[in-house]
Number of protein chains: 2
Amino acid sequence: MNKYKIDDVAKESGLTKRTIRYYEELGLLEAPERTEGGMRLYTREHIEHLKQIVNARDVLGFSLQEIQDFVRIREELEGRKQVYGQTVEDAQQLQQLLEIQTSLDAQIRMIEQKMEKMTEFRQELDRIYTRVTDGIKKFTP
Amino acid sequence: MNKYKIDDVAKESGLTKRTIRYYEELGLLEAPERTEGGMRLYTREHIEHLKQIVNARDVLGFSLQEIQDFVRIREELEGRKQVYGQTVEDAQQLQQLLEIQTSLDAQIRMIEQKMEKMTEFRQELDRIYTRVTDGIKKFTP
DNA sequence: TCTAACATTAACGTCAACGTCAACCTTTGC
DNA sequence: GCAAAGGTTGACGTTGACGTTAATGTTAGA
C-alpha cells in the first residue's frame, strides 16, 4: 500500500504525531487526503517533505517561520504548473518567476554564509583537538 | 580603557543587556569582574566569546544547552592550565584529556554531518534555481 | 555635590514549539 | 459484531529564550 497513517509517518520521520499535525496546522505540511471517517492518509511525498523540514530545522537551525518561507517558494512553483493550461498573462507569470528568483537568491546567499561560518567553527574545533592530542602525547611517550 | 560596561558590550555584540546577563546566569559567559558598587566590567575576551556564542546560536542553530557543552570543553582546557603549578596526578590529567578528546570527537562528527546536510540543501536550492531561470528564459528570448 | 543616565536584582510576561490530557469517533482483528 | 487499538479535535500545560517593568542603587559630568 502507498498510503500511510499518521503513526507510520511518525515512526519514519522521527516526529511525534502531535508535531506532524502541528506542522499541517501551520501550513508547513500539505494537508493529506482523509478517509470517510476523517483519518489522515499520507503519501510518500509527505514523508519526504517532512524529512526535509526536519533537516532544515535541526541542521540549519531554521525556525518554522523560515521554513515556511522556503515551502512557499516550492508551492508557488507547483502552483504555476497547475495554472499552465489557463491563459495566465505572460507578464504576470514572468513577474512571479522573477520574485521567486530574488527569494532564492537570498536563501542561497544565506546558506553560503552559514557554510562559511561553519567551516570557521570546524577549524576552531580542529585547533583545539590538536592541542588536546598534543597534551595527551606528553603523558604517553 | 580596556574595560567595557554592559551597554558597550550590548552594542558591539548585537545582544540586549538582558540576554548578556542571562547568558552569564546560564554559565555560558564567564562572570566578569565587578566594580565596588557591583557594576559588571567586561574585557575584550568576553566580547569575543559572546560573538562566538551568537555565531553558534544563529549560524549553527545550536541551542544554548549545546553551546554550553562546547563552552565546558573550553573551560576544562583553561582549568587544566591553572592547576599546572600544583601537582595534579598525571593519571588524572590524562584521564581528563581523554574525556575532552572524546567530547571533541563527537562535536566534530556532528559538525561534519551538519555540513553534509547543508550541502544537500544547497544542491536542492540550486536545482530549483535552475528551473526558475529556465522558466524565465522562455519569457525573455 | 547633585542629578540625569545607566546598572542591578527580582519577578512576572511572552512567544514559539510542541507535550499532554480529555472526550469522542474509526478501524481492525478475532 | 465487538472490544482494543489507534485516530480526531480542542484546550490547557510546559520549556527555552528572552522582554519588560519595578524598585533601588551607582556613576559620571556640569
Side-chain angles (χ1 to χ4, degrees), chain A residues 1-44 46-47 49-72, chain B residues 1-43 46-47 49-72 110:
Chain A
M1 223 198 298
N2 50 347
K3 292 295 163 73
Y4 305 81
K5 13 188 186 168
I6 198 163
D7 205 45
D8 306 331
V9 178
K11 266 156 194 159
E12 192 165 345
S13 66
L15 298 171
T16 67
K17 296 183 282 181
R18 169 66 165 112
T19 301
I20 295 170
R21 292 196 200 98
Y22 180 55
Y23 286 179
E24 177 184 338
E25 186 187 331
L26 291 186
L28 273 180
L29 185 68
E30 191 195 351
E33 179 192 357
R34 301 281 189 127
T35 68
E36 190 66 18
M39 254 177 64
R40 275 166 250 253
L41 291 180
Y42 296 91
T43 67
R44 204 102 267 295
H46 285 103
I47 297 183
H49 197 168
L50 267 181
K51 286 184 180 176
Q52 282 183 25
I53 292 177
V54 171
N55 242 303
R57 190 194 62 178
D58 292 354
V59 181
L60 310 182
F62 282 5
S63 70
L64 300 187
Q65 180 53 55
E66 287 174 311
I67 296 176
Q68 178 70 295
D69 297 346
F70 183 71
V71 167
R72 224 203 51 247
Chain B
M1 224 200 295
N2 51 347
K3 293 294 163 75
Y4 304 81
K5 17 188 182 166
I6 197 163
D7 205 45
D8 304 332
V9 177
K11 265 157 195 159
E12 192 165 344
S13 66
L15 299 170
T16 67
K17 295 183 283 182
R18 169 66 165 112
T19 300
I20 295 171
R21 292 195 200 98
Y22 180 57
Y23 286 178
E24 177 183 338
E25 187 186 330
L26 291 186
L28 274 180
L29 185 67
E30 191 195 351
E33 179 192 356
R34 302 278 190 131
T35 67
E36 189 67 18
M39 254 176 63
R40 277 166 248 254
L41 290 180
Y42 296 91
T43 66
H46 285 102
I47 297 183
H49 197 169
L50 267 181
K51 286 183 181 175
Q52 282 183 25
I53 292 177
V54 171
N55 240 302
R57 191 194 62 177
D58 292 353
V59 181
L60 311 182
F62 283 5
S63 70
L64 299 186
Q65 180 52 55
E66 287 174 312
I67 296 175
Q68 179 69 296
D69 297 345
F70 184 71
V71 168
R72 224 203 50 247
M110 195 216 289

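Small disclaimer: the values here were computed from a predicted structure and weren't measured. Side-chain atoms are counted along with the backbone in the values below, which use heavy atoms only and exclude waters and symmetry mates.
With values rounded to the nearest 0.5 angstrom, A/Thr43 atom OG1 is found 8.5 Å from A/Asn2 atom CG. Taken to the nearest 0.5 Å, the CG atom of A/Leu29 stands 11.0 Å off from the CD atom of A/Gln52. In this structure, the separation between CG on A/Leu41 and CD1 on A/Ile6 is 11.0 Å, given to the nearest 0.5 Å.
Every residue two or more places apart in sequence or in another chain that forms a side chain to side chain contact (heavy atoms under 4.5 Å, CB included) with B/Asp69 is listed here: B/Gln65, B/Arg72, B/Gln107. For B/Ser63, there are no side-chain hydrogen bond (donor to acceptor under 3.5 Å, both in side chains) partners two or more places apart in sequence or in a different chain. Applying the ring pair (Phe, Tyr, Trp, His ring centres under 6.0 Å) rule to B/His49 yields no partners; only residues at least two apart in sequence or on another chain are considered. For A/Gln68, the side-chain hydrogen bond (donor to acceptor under 3.5 Å, both in side chains) test picks out no residue, with sequence neighbours left out. For the side-chain hydrogen bond (donor to acceptor under 3.5 Å, both in side chains) test, no residue two or more places apart in sequence or in another chain qualifies with B/Glu66. With sequence neighbours excluded, no residue forms a side-chain hydrogen bond (donor to acceptor under 3.5 Å, both in side chains) with A/Thr35.
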Tabulate below the donor-acceptor pairs under 3.5 Å that side-chain atoms of residues 18-28 of chain A make, not counting sequence neighbours, or state none.
residue, atom, partner, partner atom, Å
A/Thr19, OG1, A/Thr16, OG1, 2.8
A/Tyr23, OH, A/Arg57, NH1, 3.0
A/Glu24, OE1, A/Arg40, NH1, 2.8
A/Glu24, OE2, A/Arg40, NH1, 3.2

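Within the structure, every pair that satisfies the salt bridge (charged side-chain N to carboxylate O under 4.0 Å, His left out) test and touches residues 7-17 of chain B, not counting sequence neighbours, is listed here: B/Asp7-B/Lys11, B/Glu12-B/Arg44, B/Glu12-B/Lys51.
The stretch residues 13-27 of chain A touches DNA chain C through A/Thr16, A/Arg18, A/Thr19, A/Tyr22, A/Tyr23, each having a heavy atom within less than 4.0 Å of the strand. Contacts between residues 51-64 of chain B and DNA chain D, counted as heavy-atom distances below 4.0 Å, involve B/Arg57, B/Ser63, B/Leu64. Residues from residues 29-41 of chain B with heavy atoms under 4.0 angstrom of DNA chain C, sorted by number: B/Arg34, B/Gly38, B/Met39, B/Arg40.
The outermost nucleotides of DNA chain C lying under 4.0 Å from heavy atoms of chain A, listed 5' to 3', are C/dA17 to C/dT27.
Nucleotide D/dG25 holds its P atom 19 Å from the NZ atom of B/Lys5, rounded to whole Å.
Closest non-hydrogen pair, B/Val54 versus B/Ser13, comes out as CG2-O, 4.4 Å.
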